[in-house]
Participant: 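I'd like to ask you about the structure that follows.
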Amino acid sequence: MEVHNYINGVMSPSISGQTLPLYNPSNGQQYATAPNSSADDVESAIQSAKKAFPTWSSLPTQERSRYLNKIADLIDQNHEKLAIAESLDNGKPLWLAKRVDIPRASANFRFFAHAITQFSTEAHEMTDAINYTLRQPLGVVSCISPWNLPLYLLSWKIAPALASGNTVVAKPSEVTPLTAHLLSELCIEAQLPPGVLNIVHGYGDQVGPTLTSHEDVKAISFTGSTRVGKEIAQVAASHIKKVSLEMGGKNPNIIFADCDFREMLSNTIRSSFANQGQICLCGSRIYVERSIYYDFKKHFVEVTEKQIVGPPRNDNSKFGAIVSEAHYKKILSYIELAKEEGGQILTGGHSVHPPGYESGWYIAPTIIEGLDNNCRTNQEEIFGPVCTIIPFDTEEEAIALANGTKYGLSASLWTQNISRAHRMAKKLEAGIVWINCWLHRDLRTPFGGVKESGVGREGGLDALRFFTEPKNVCVKYQ
Ligand code: NAD
């Protein structure tokens with residue numbers, strides 16, 4: 001199988017003909033190749049996007065909306081095929097790709113297809129004049145996305161960028177490009193005009209610099225690691241480009257004794273280990289009020305041990321494979337680090353080898369206790385099925401522990417005390433606070449992080465505002 005670039009409406013290999021290997025995480029075998037693109041491929045994509053911009057940006061909003069709805073329909077019609085591809089490429093359970101990733105990708109297109117038809121601008125009246133704000137598309141924009149939710153996050157960027165009249169050069173992760181390839185085919189089927197959306201595959205450090213520094217690229221929307229986000233921020237600053245950065249997290253999950261224990265427990269399993277812990281919003285530091293610490297620990301470990309880690313295609317696999325060998329090794333090395341730092345592994349802490357899939361990359365959900373909040377295990381993003389538990393005594397202590405990292409993406413809070421919930425939500429250093437829930441999403445809400453987790457917000461009006469430039473027009477009455 002060969003993944004292709006999608007440039008100027010045509011699917012093609014890289015100009016140099018070079019490829020990169022794609023691996024199936026469930027068995028560690030190579031199953032396909034993708035273009036190992038270079039600056040030349042990116043240049044060609046940018047030029048085709050530039051050529052397409054005048055016509056696309058002048059289409060009536062309803063027309064652009066129609067294209068997006070058509071793409072959403074095609075994603076729905078190809079739900080099974082896309083889910084199989086996502087699971088194959090990423091290692092996530094097929095049931096999860098079917099239930100979450102693919103429906104959310106079509107929802108992203110449909111949401112922004114509607115949102116753009118409701119997008120309005122402000123007017124500011126003076127006694128002798130009226131100001132109104134135009135919101136105009138930027139031009140060619142770059143959308144760079146990671147491997148953990150491949151089509152879900154790619155479409156979350158592409159849809160608002162296109163809806164608001166920009167043309168796009170997108171760069172999916174080189175680790176999981178398969179559903180982006182299938183999306184390209186669907187865009188051709190939807191008769192999206194050539195050049196409106198271009199998708200270039202390849203290693204980030206080879207194609208990234210042209211994507212972010214090119215003078216014809218007016219904005220960069222990035223989701224990925226804080227390390228790469230910082231590099232992109234520097235490039236964007238030196239070229240004075242608009243930039244939105246959605247980066248890493250080390251999210252706290254704060255549990256009070258007065259919570260609904262059953263509801264909290266099932267959600268904590270999910271928030272710790274869903275998608276093998278490879279969701280930027282996963283709660284990896286769990287703080288538990290001391291009076292229920294031992295009860296929580298006992299039940300959390302017991303329920304975690306019942307979860308099946310296995311081949312992504314098996315319906316009873318609650319958790320699948322880790323996305324790549326490099327990432328698998330990185331997670332295992334963090335488990336070793338946790339032990340060196342004095343952590344006790346309460347469950348997991350090792351790889352798993354399901355029969356018939358012995359060479360796949362599987363790790364048992366891992367719970368660690370006995371670590372200081374300031375150790376590396378509790379400060380650095382592991383991005384795997386690994387969490388730590390720590391007791392606390394007071395609300396103030398919980399806040400200090402939760403806020404005690406350089407990250408600030410999301411936080412979960414479990415309590416029946418409504419005053420405490422509001423009080424703490426205000427004090428938590430995070431872009432998103434969930435009270436008595438986790439990953440409960442409304443696409444209209446602002447999505448993003450603070451501190452080293454991000455700059456800017458995605459979602460709803462925030463995304464449409466990011467992808468447009470406001471221009472004030474002042475008309476004086478005569
Ligand atoms: P990554 O930063 O390694 O790569 C992300 C993307 O950037 C990939 O497409 C990659 O090819 C590209 N890239 C790499 N170097 C580049 C460069 N110099 N210029 C331009 N592009 C470049 O991240 P990853 O390993 O793919 O994903 C995991 C990370 O993503 C985790 O840190 C996770 O927390 C984060 N993430 C954040 C969110 C969020 O919304 N905040 C969501 C999902 C994942």
Side-chain angles (χ1 to χ4, degrees), residues 46-47 49-72 108-143 156-169 192-193 195-197 212 214-222 233 236-246 426 431-432 442-450 454-478:
I46 292 172
Q47 291 316 321
K50 193 176 171 187
K51 205 165 117 224
F53 177 71
T55 307
W56 179 251
S57 56
S58 358
L59 280 184
T61 304
Q62 285 75 6
E63 263 300 282
R64 291 201 301 270
S65 171
R66 199 184 58 74
Y67 279 111
L68 265 61
N69 273 321
K70 176 77 185 148
I71 295 170
N108 287 340
F109 278 102
R110 228 180 280 292
F111 175 84
F112 284 107
H114 290 288
I116 197 63
T117 64
Q118 309 298 313
F119 193 38
S120 59
T121 61
E122 309 85 30
H124 299 90
E125 207 176 353
M126 303 165 75
T127 49
D128 59 349
I130 177 115
N131 295 274
Y132 64 89
T133 310
L134 290 176
R135 285 222 161 242
Q136 297 173 304
L138 306 172
V140 179
V141 298
S142 290
C143 295
W156 183 232
K157 295 182 180 302
I158 290 174
L162 294 180
S164 44
N166 303 281
T167 53
V168 172
V169 180
L192 189 69
V196 167
L197 170 64
T212 50
H214 198 288
E215 62 173 358
D216 288 327
V217 170
K218 303 301 176 197
I220 307 157
S221 173
F222 168 81
S238 66
H239 292 81
I240 317 289
K241 281 189 206 298
K242 218 173 174 184
V243 66
S244 160
L245 301 171
E246 301 291 342
K426 266 173 130 176
I432 303 151
D442 179 327
L443 303 189
R444 294 168 301 179
T445 59
F447 180 93
V450 300
V455 176
R457 292 292 180 273
E458 296 187 327
L461 289 178
D462 287 278
L464 297 178
R465 289 194 181 120
F466 174 75
F467 284 116
T468 52
E469 194 70 71
K471 180 190 286 173
N472 188 65
V473 181
C474 177
V475 185
K476 187 150 188 304
Y477 305 142
Q478 288 193 323

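Residues: numbered from 1 along the sequence shown.
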Participant: How far does CG of Leu68 sit from CG of Asn108, to the nearest 0.5 angstrom?
Facilitator: 10.0 Å
Participant: Of all residues at least two apart in sequence or in a different chain, which pass the side chain to side chain donor-acceptor pair (under 3.5 Å) check with Asp128?
Facilitator: none
Participant: Less than 3.5 Å apart, which donor and acceptor atoms pair up between the side chains of residues 115-125 and the rest of the protein, not counting sequence neighbours?
Facilitator:
residue : atom : partner : partner atom : Å
Thr117  : OG1  : His114  : O            : 2.6
Thr121  : OG1  : Thr133  : O            : 2.8
Glu122  : OE1  : Thr133  : OG1          : 3.4

Participant: Please list, chain by chain and in numerical order, all residues satisfying salt bridge (Lys or Arg N to Asp or Glu O under 4.0 Å) with Lys218, sequence neighbours excluded.
Facilitator: none
Participant: Do you know which of Lys241, Lys51, Lys50 makes salt bridge (Lys or Arg N to Asp or Glu O under 4.0 Å) with Asp216?
Facilitator: Lys50
Participant: Using a 4.5 Å cut-off on heavy atoms from C-beta on, say whether the side chain of Leu59 contacts that of Tyr67.
Facilitator: yes
Participant: Taking all non-hydrogen atoms of both residues, which atom of Pro193 and which atom of Trp56 are closest, and how far apart?
Facilitator: CD-CZ3, 4.1 Å
Participant: Could you work out, with side chain to side chain donor-acceptor pair (under 3.5 Å) as the rule, every residue matching Lys70, not counting sequence neighbours?
Facilitator: none
Participant: Starting at CG of Leu192, measure out to CG of Leu197 and round the result to the nearest 0.5 Å.
Facilitator: 6.5 Å
Participant: Heavy-atom distance under 4.5 Å between the side chains of Ile432 and Phe447, does that happen here?
Facilitator: yes
Participant: Starting at OG of Ser142, measure out to CG of Asn166 and round the result to the nearest 0.5 Å.
Facilitator: 11.0 Å
Participant: Residues two or more places apart in sequence or in another chain: which of them pass side chain to side chain donor-acceptor pair (under 3.5 Å) with Thr55?
Facilitator: none
Participant: If you define the side chain from C-beta out and look only at heavy atoms, does anything of Asn69 sit under 4.5 Å from Arg66?
Facilitator: no
Participant: Anything under 3.5 Å between a donor and an acceptor, one on a side chain of residues 454-478, the other on a protein residue two or more places apart or in another chain? List them.
Facilitator:
residue : atom : partner : partner atom : Å
Arg457  : NH1  : Gly449  : O            : 3.0
Glu458  : OE1  : Trp156  : NE1          : 2.8
Glu458  : OE2  : Lys157  : NZ           : 2.6
Thr468  : OG1  : Arg135  : NH1          : 3.3
Thr468  : OG1  : Leu464  : O            : 2.7
Thr468  : OG1  : Arg465  : O            : 3.3
Lys471  : NZ   : Gln136  : OE1          : 2.9
Asn472  : ND2  : Asn131  : OD1          : 2.9

Participant: Drop me the distance from Phe112's CZ to Leu162's CG, to the nearest 0.5 angstrom.
Facilitator: 11.0 Å
